[in-house]
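Letters A, B, ... mirror the listed sequences (proteins, then strands); counts begin at 1.
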4 protein chains.
Amino acid sequence: MSRSEPSSSAQHGRTGRPRSAEADRAILEATRAALVELGWGKLTLGDVAARAGVAKTTLYRRWNGKSALVVDAVAALFDERLELPDRGSLRADVEGVIQQFAALLERPETKTALMAVVSEATRDEALRGRIRSAVVDRQKRLVIMGRERAQARGELPPDADGEDGRAAAAHHVDLIYDVIAGAVVHRTLVSGERVDAGWAREFTTLLLAGLTSAP
Amino acid sequence: MSRSEPSSSAQHGRTGRPRSAEADRAILEATRAALVELGWGKLTLGDVAARAGVAKTTLYRRWNGKSALVVDAVAALFDERLELPDRGSLRADVEGVIQQFAALLERPETKTALMAVVSEATRDEALRGRIRSAVVDRQKRLVIMGRERAQARGELPPDADGEDGRAAAAHHVDLIYDVIAGAVVHRTLVSGERVDAGWAREFTTLLLAGLTSAP
Amino acid sequence: MSRSEPSSSAQHGRTGRPRSAEADRAILEATRAALVELGWGKLTLGDVAARAGVAKTTLYRRWNGKSALVVDAVAALFDERLELPDRGSLRADVEGVIQQFAALLERPETKTALMAVVSEATRDEALRGRIRSAVVDRQKRLVIMGRERAQARGELPPDADGEDGRAAAAHHVDLIYDVIAGAVVHRTLVSGERVDAGWAREFTTLLLAGLTSAP
Amino acid sequence: MSRSEPSSSAQHGRTGRPRSAEADRAILEATRAALVELGWGKLTLGDVAARAGVAKTTLYRRWNGKSALVVDAVAALFDERLELPDRGSLRADVEGVIQQFAALLERPETKTALMAVVSEATRDEALRGRIRSAVVDRQKRLVIMGRERAQARGELPPDADGEDGRAAAAHHVDLIYDVIAGAVVHRTLVSGERVDAGWAREFTTLLLAGLTSAP
DNA sequence: CTGTAATCGAGACGGTACGTCGAGTCTTTGA
DNA sequence: TCAAAGACTCGACGTACCGTCTCGATTACAG
C-alpha cells in the first residue's frame, strides 16, 4: 500500500531471493533518525541507506524517491500515536484531539517532514494521494469519532437523514478538521509558538462556541 | 531588511560601484516566474540568475540561499495583495480577509513555495525571522485592523485598559490569526480543496459565533 | 601506477561495478585532442569529460587534477614514440635520439603541456614523481641503451668495475641525458627554433667530441 | 617596453593625473612575493593587487594579464643578476655562466615562473617576443661575451670574415646557448637535481672538449 | 585659482570553470 | 532473483578569479 510495488504478497515471481523484511524496518527507522538529525533539506537517500546498512539499490527497489519514503516513515508515527479515548465531554475530547495533533507536530521528525512533503505534493498527484491516506484520513477519523460521540451525548444535533444529510455531515467534518489541524499546524510551524494547555483551552472555547451556537 | 546584508541604508561603505536596483527587481521577478513554471523543488538559483539576466554571483552576493530568496520574492506579493477595505461589518471584513489569504495561496508561486520555506525554517532561526517579518507580520496586520474596526463599530468588546489589557489583546489577535490563516492554509495545501465563497461563509459563521459569544 | 588510486591490481575491493577501461582510453584521447585545440591554458576538465563522453565525476575519481591527467595523457605518447633502432654507429644513434625527442616536442600537445606541468611540479612532489616515471625514465632508457651499444662497439670505454663504477656510469648517463634533452627542449620551446637535420648534426658533433675525448 | 601601453613617455595625453611610479614598484615586488609563496598556478591578480595595496584596475591599466606581469616581474631579476666578470680562462668563464644560470633558476620565483610563461608563450606570439627580449637576449649576451673573450685569448679560433662568417658565428652562439641553458634548466627543473660545483665542472669539461676539438 | 583630464581606491558586475555532492541507474560478485 | 558494493551519467551546487564597469575622490597641469 505504501510501496512503489505493493509488497503485500509475492507479486514478483516466486523464484529468487525474497526481500528482507528486516531491511524495511531498518530503512524506515533510519529515515526517521536522519530526519531528526538533518531535517528534510539535508536528508539524502545515500545516507539513509548507509545508516540502515543497506545498499542504495535496495532502497530504490522499494520506494521511488525521497518524498515517498519519508511519507511512509512518518506515517508509521500516525498509526501509533493517534487514538481518542472518551474523555466524557465534547470539550474534553476536542482538547484531547488538539493535544494529540500538537504532540505529533512537536516531534522533530514530523515537524520538518510534514510541510516539506506537503510542498512537494503541490506538484505530484500520487504523493497527494499518499499523504491523504497516510496522514489526513487518519487524523480526520478522530474528528469524526469525536463528533459522533458528541451527538450521542446530545452535545451536538444529529445529522439529517438521507443523501443530503450525509453530504452535509461530511462537509461539516471537513470544515472542523481544517480549522483544528490548520490552527495547530500554523501555530506550531509558522508562528513558531508552542501549543500549551492554555492555548488549547482558549482555542477550544472559541471552537465550541462556534460549533454549538448555529447549526 | 530583507537582504543578507540589510541594504536598508548604505551599510556597505559608500565607495565602490553601487548595487544595481534593477538587478534586485529582475531577480525577484524571475524567481516568481521560475516558481510558477518549475515549483520549489526544481527551482535552481542558476536558472533564476539566467532568467534575470544576471550572474549567479550577483544573486549570492545579496541572498544566501534559495530559501531566503524565495521568501523575499513571495513577500512582495504579500505587500501588493493584502489590504483590507472597510466592508462595513465584521462578517464582511472576515470574509474579505479569508478570500485574500486564499487568493494568495492559490497562486502557484505561493502554493509551492510557502510550505517549503516553512519546512526549511524548522532548522534555521534566521529564516524563521525573515518569514515572520516578511509574511506573518503583514498578515497579522490585517487581523489587528479588522478587530479594531469591529470594536469601533461595537461588534466586539473593547480591550481592557492597562498592561494586562494590551497583552490579552495581543494574545487574542494571535489566536484569531492562527485560526484563520491555519484553516485557509490547511484547506488549500493539505486537504487540497479550494476555498470558495461557500466555505468562506461557513467558516466565517463558525468563527464569528466563537468571537462574539464568549469574550 | 598512473592513477590517483594505483589501479594496477584490484586495490579497491573486488565487489562493485569495475571501472570502465574504455573510459580511461577515451579520456586520455580526449585530453590530447583538447590540448592540441586549446592548449594547456584553456584546457578544462569539464571540456575533456564532455569530449570523452564521460561525466566529470568519473574523471575526478581517477585523477586528482589537470596536471596529473595531462602527464598521463602525454606519457602515452612517450611510450609509443620512443624507441632506438640500432643505426650502426654512436653518431647515428645520437642523431636518432635527438630527432625523436624533437619530433615529440614539436607535436602541439607536448609542446604546450610539458613545460606547464614541469612548472606545476615545482610545487608538487607527487607530480614530480609522476613526471619522473612517466617521462624522464622513458627518455633516459634510450640514453642508457645507446651508451651500452657504443661501449659494445668500442666507441666508448667500458664502465669501471665495482660499486664506484656503477655510480659513475649512472652519473654519466644523467649528465648526458640532461645535456641532450635540455638542449632540444630549450631550442624548441624557449628559443622557439626548429630542430632540423643541420642543427642535430652540429649538436651531435659537439657532443661526441665531448664524449669521446675526455672520459 | 614592458607595459601594455609602453609608458616610456607620456603617450596618453599630457594632462591628467600621472601614473604612480611607486605603484609599479609595489606591484612587481608583490608579484615576486606572491610567486614565491603560491607559485604560478595559484597566483591571482586580485591577490597581487591586494598585496601591493593597489586596486585591480590599476594593475590591469598597466599590464594585460598574468603572463605579461610575471614576465616583467622576473625580468627585473635578470637585470640585476646577470654579469660576467673575466675569470681569466674559457673554462672559468663557462663555469661562471653555468653557475649564474643555475643561481637564477634556483630562486623560487624564477623556478616556478619561467617554465610557466614559456608554456603560455607556445600559444602567444607577443609573449614569446617579450620573453626573448627580457630573458633570452640577456642570457645570450653572456655567451657572446664569453666567446669573444676566449677568441681574444686565442682559446677559440676567430670568426671568419664576411656575411657568412657573421652568420656562422651567430649560429654557433645559438647552439652553445641552447646547450648550456638547456642543460641547466633541464637538470634543475625536470630532473630536479641541484647544479653544484661538481656537476658544473663535469659539464664544462664535456662542453670544452666539444668546443675546442672540431671548429 | 579654476577647469579639465586622467589617475586612484573600492567594489559590484557578467562570465567561466572549479571541484563536490546527491539523485538515480547499471554492472559486477556472491548468496 | 535479490543483495551489497561501487562505478556510472547527469545536473546543480556555492566559490573563486577573471577582466570590465561604475562610482566618488584625488592630483596634476593648462589656462
Side-chain angles (χ1 to χ4, degrees), chain A residues 10 12-20 22-23 41-50 52-66, chain B residues 12-20 22-23 42-47 49-50 52-62 64-66, chain C residues 10 12-20 22-23 42-47 49-50 53-66, chain D residues 10 12-20 22-23 42-50 52-66:
Chain A
H12 34 80
R14 52 196 74 270
T15 82
R17 180 169 171 175
R19 289 187 177 172
S20 155
E22 175 57 23
K42 307 277 180 194
L43 177 134
T44 71
L45 296 201
D47 182 58
V48 169
V54 140
K56 262 200 301 175
T57 327
T58 300
L59 208 152
Y60 277 105
R61 211 176 281 121
R62 303 180 187 202
W63 289 274
N64 55 35
K66 188 161 154 170
Chain B
H12 32 82
R14 51 190 21 61
T15 81
R17 179 172 175 174
R19 291 190 176 171
S20 156
E22 171 58 17
K42 308 272 181 194
L43 178 135
T44 70
L45 296 203
D47 181 60
V54 139
K56 253 197 307 175
T57 326
T58 299
L59 209 151
Y60 279 105
R61 203 178 287 117
R62 303 179 186 207
N64 55 33
K66 186 162 154 171
Chain C
H12 30 81
R14 51 190 21 57
T15 81
R17 180 172 173 175
R19 290 190 178 169
S20 156
E22 171 58 16
K42 308 272 181 194
L43 178 137
T44 71
L45 295 204
D47 181 59
V54 140
K56 254 196 307 175
T57 327
T58 299
L59 207 152
Y60 279 104
R61 204 177 289 119
R62 303 178 187 208
W63 289 275
N64 55 33
K66 188 161 152 170
Chain D
H12 33 82
R14 52 196 74 272
T15 83
R17 179 173 176 172
R19 290 186 178 171
S20 156
E22 174 58 23
K42 306 278 180 192
L43 177 136
T44 71
L45 295 204
D47 182 58
V48 169
V54 140
K56 261 199 304 174
T57 327
T58 301
L59 207 152
Y60 278 104
R61 208 176 283 120
R62 303 177 187 207
W63 289 273
N64 56 34
K66 189 161 153 171

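- Note that NZ of Lys56(B) is 8.5 Å distant from CG of Leu45(B), once rounded to the nearest 0.5 Å.
- Residues passing the side chain to side chain contact (heavy atoms under 4.5 Å, CB included) test with Ser20(C) are Glu22(C), Ala23(C), Arg62(C), sequence neighbours excluded.
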- Message: One character per nucleotide, please: for nucleotides 20-26 of chain E, 5' to 3', B when the base has a protein heavy atom closer than 4.0 Å, S when only the sugar-phosphate does, - otherwise.
- Response: BBSSBBB
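- We find that CZ of Arg62(D) is positioned 18 Å from C1' of dT20(F), with the value rounded to whole Å.
- Straight-line distance from the CD atom of Glu22(D) to the P atom of dC8(E): 12 Å, rounded to whole Å.
- Nearest heavy atom pair, residue Val48(D) against residue Leu59(D), reads CG1-CD1, 3.9 Å.
- Under 4.0 angstrom from either OP1 or OP2 of dA25(F) there lies no side-chain N or O belonging to Thr15(B).
- Residues that satisfy the side chain to side chain contact (heavy atoms under 4.5 Å, CB included) test with Thr57(C), not counting sequence neighbours, are Ala55(C), Arg61(C).
- Applying the side chain to side chain contact (heavy atoms under 4.5 Å, CB included) rule to Ala52(B) yields the partners Ala26(B), Ile27(B), Ala30(B), Val54(B); only residues at least two apart in sequence or on another chain are considered.
- Mapped onto DNA chain E by nearest heavy atom, Pro18(C) and Thr58(B) fall at different nucleotides, with Thr58(B) at the one closer to the 5' end.
- Rounded to whole Å, atom P of dC18(E) lies 10 Å from atom CG of Leu59(C).
- Arg61(D) has its CZ atom 12 Å from the C1' atom of dC21(F), to the nearest Å.
- The shortest distance between the side-chain N/O atoms of Arg14(B) and the OP1/OP2 oxygens of dG9(E) is not below 4.0 Å.
- Looking at heavy-atom distances under 4.0 Å, Gly41(A) makes no contact with the nucleic acid at all.
- Picking from dA10(E), dT9(F), dC13(E) the nucleotide with the shortest atom distance to the side chain of Ala55(D) gives dA10(E).
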